[in-house]
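Heads up: the structure comes next, in structure tokens.
For the numbers below, each heavy atom of this structure counts, side chains included, while hydrogens, waters and symmetry mates do not. Just so you know, ligand 1 is whichever comes first in the structure, and atom 1 is the first atom listed for that ligand. Remember, it's a predicted structure, so these values are computed and weren't measured experimentally.
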Amino acid sequence: MKGVSLICSMSTAEQISESRLSILLRILRGKKGRGTELISLYVPPGRQVSEVMETLRDEHGKASNIKSRTTRGHVQEALVKVMQRLKAYDKAPEMGLVIFCGAIPRGPPGSEVLELYELVPPKPVNVSYYSCDDGFYLEPLLEMVRPQEILGIILIENSEATIAKVEGKSVEILGNYTSGVPGKSSKGGQSARRFERLRDMVLNDFYTRIGDHVNDAFLAIPKLTRIIVGGPGNTKQEFLRGNYLNYQLKDKIAAIVDTAYTEEQGVKEALEKASEKLERIELVEERKMVQRFLSEVSKDSGSAIYGEKEVTHALEAHKVQTLLISEDFDDVVVKVSCSSCDYTEERRAKEPELELFLSSVKSERCPKCTNFTLTAEPLHRVFDQLLEKAEQAEASVEVISSKTEEGRMLLKGFGGVAAILKH
Ligand SMILES: [Zn+2]
């Protein structure tokens with residue numbers, strides 16, 4: 001069979017950064033093979049490459065049983081390419097090695113191009129893995145870039161307080177403390193006032209103690225980004241008004257929520273109640289990016305551009321610092337061709353209307369031979385293509401949701417694609 005051409009999209013023995021990896025993952029996610037023919041290989045640190053080679057030679061042998069001639073050819077060629085790359089190593093690099101290789105369709109059958117991605121990830125590969133599937137296996141890499149934000153939780157009420165650390169899905173209780181504050185006095189007069197004074201003293205003592213514990217615990221976690229304060233009633237506000245917390249920690253308070261509980265149950269309650277506020281903070285960051293873009297546009301400073309065409313040019317010229325792209329930018333490039341003559345053209349469709357578009361083409365006359373023999377095939381998502389260009393240009397990428405006014409403005413007013421240029 002005719003060999004497919006190879007694009008070495010990425011080949012680096014140097015460790016790639018987390019931000020580059022996340023762009024690459026968005027690109028790889030969109031790659032689908034025509035059959036079960038895309039190869040993913042994960043080699044953990046220190047593993048002997050000769051052993052991996054043996055596995056691949058084995059797979060090459062097994063692949064000869066694949067019924068479809070095209071798929072068989074693609075799988076075997078991809079395996080050969082991967083083995084050629086592996087020859088450059090004796091053993092896997094310090095962080096391990098990941099290789100993806102497979103024939104990616106560009107249009108109708110026969111248009112496949114063999115793509116190869118070889119990378120050393122930013123964190124150690126912890127699996128030894130091989131698969132041949134219709135997509136690349138990305139889970140271990142996705143795990144590396146998933147934001148692992150560390151949250152601090154303070155739950156405080158009159159009688160009790162809880163300090164906890166939340167990292168991903170794991171909750172660690174760092175301390176539970178009781179105040180020994182007596183309940184409200186029911187007696188009146190002189191003794192009640194004395195009682196209240198005593199109560200305030202004990203409470204102040206308790207706040208100081210909790211403040212010290214929180215400062216010790218949270219300042220020791222430099223990666224702690226945000227703090228949620230919870231608990232029933234007004235105690236939490238009273239605690240925050242007093243100067244019990246270190247100023248650096250005060251700045252990290254992202255949400256104050258009412259919770260009925262303390263301890264582990266209270267932590268879960270606080271996380272749930274704060275989630276909306278935390279998400280709003282992320283949106284604030286996105287908003288700031290778009291606002292920066294808008295202000296540059298209004299100043300006509302020349303450092304902000306928009307529109308797919310212009311941004312594409314700037315990316316290709318490596319002039320882009322930050323690419324802003326709407327997550328709802330859903331254009332797909334479709335190749336329309338005629339089966340009776342040599343007519344072809346490229347058109348755009350919106351992803352949600354793609355099926356409708358593909359079938360509507362069949363009822364059109366070919367502009368060249370006038371037969372009803374037009375067919376259409378999606379080539380690629382423009383979103384992926386822009387990310388791919390940003391990746392090559394080493395530009396940073398902000399995917400902007402349409403949940404904010406600014407996000408909607410980017411999509412409706414600027415075509416969903418904009419960029420801030422390098423100075
Ligand atoms: Zn035609």
Counting only protein atoms, how many N/O/S atoms are less than 2.8 Å away from the Zn ion (ligand 1)? 4
Determine whether a donor-acceptor pair (N or O, by modelled atom type, separation under 3.5 Å) exists between the side chain of E112 and the backbone of G110. yes
Option passing side chain to side chain contact (heavy atoms under 4.5 Å, CB included) with I163 (candidates I173, V214, V267, N176): V214
Should R408 and E405 count as an ion pair when the cut-off is N to O under 4.0 Å? yes
So, does K368 use its side chain to make a donor-acceptor pair with the main chain of D342 at under 3.5 Å? no
Hey, does I253 have a side-chain heavy atom less than 4.5 Å from the side chain of L245? yes
Candidates Q385, H313, R348 - the one meeting side-chain hydrogen bond (donor to acceptor under 3.5 Å, both in side chains) with E308: R348
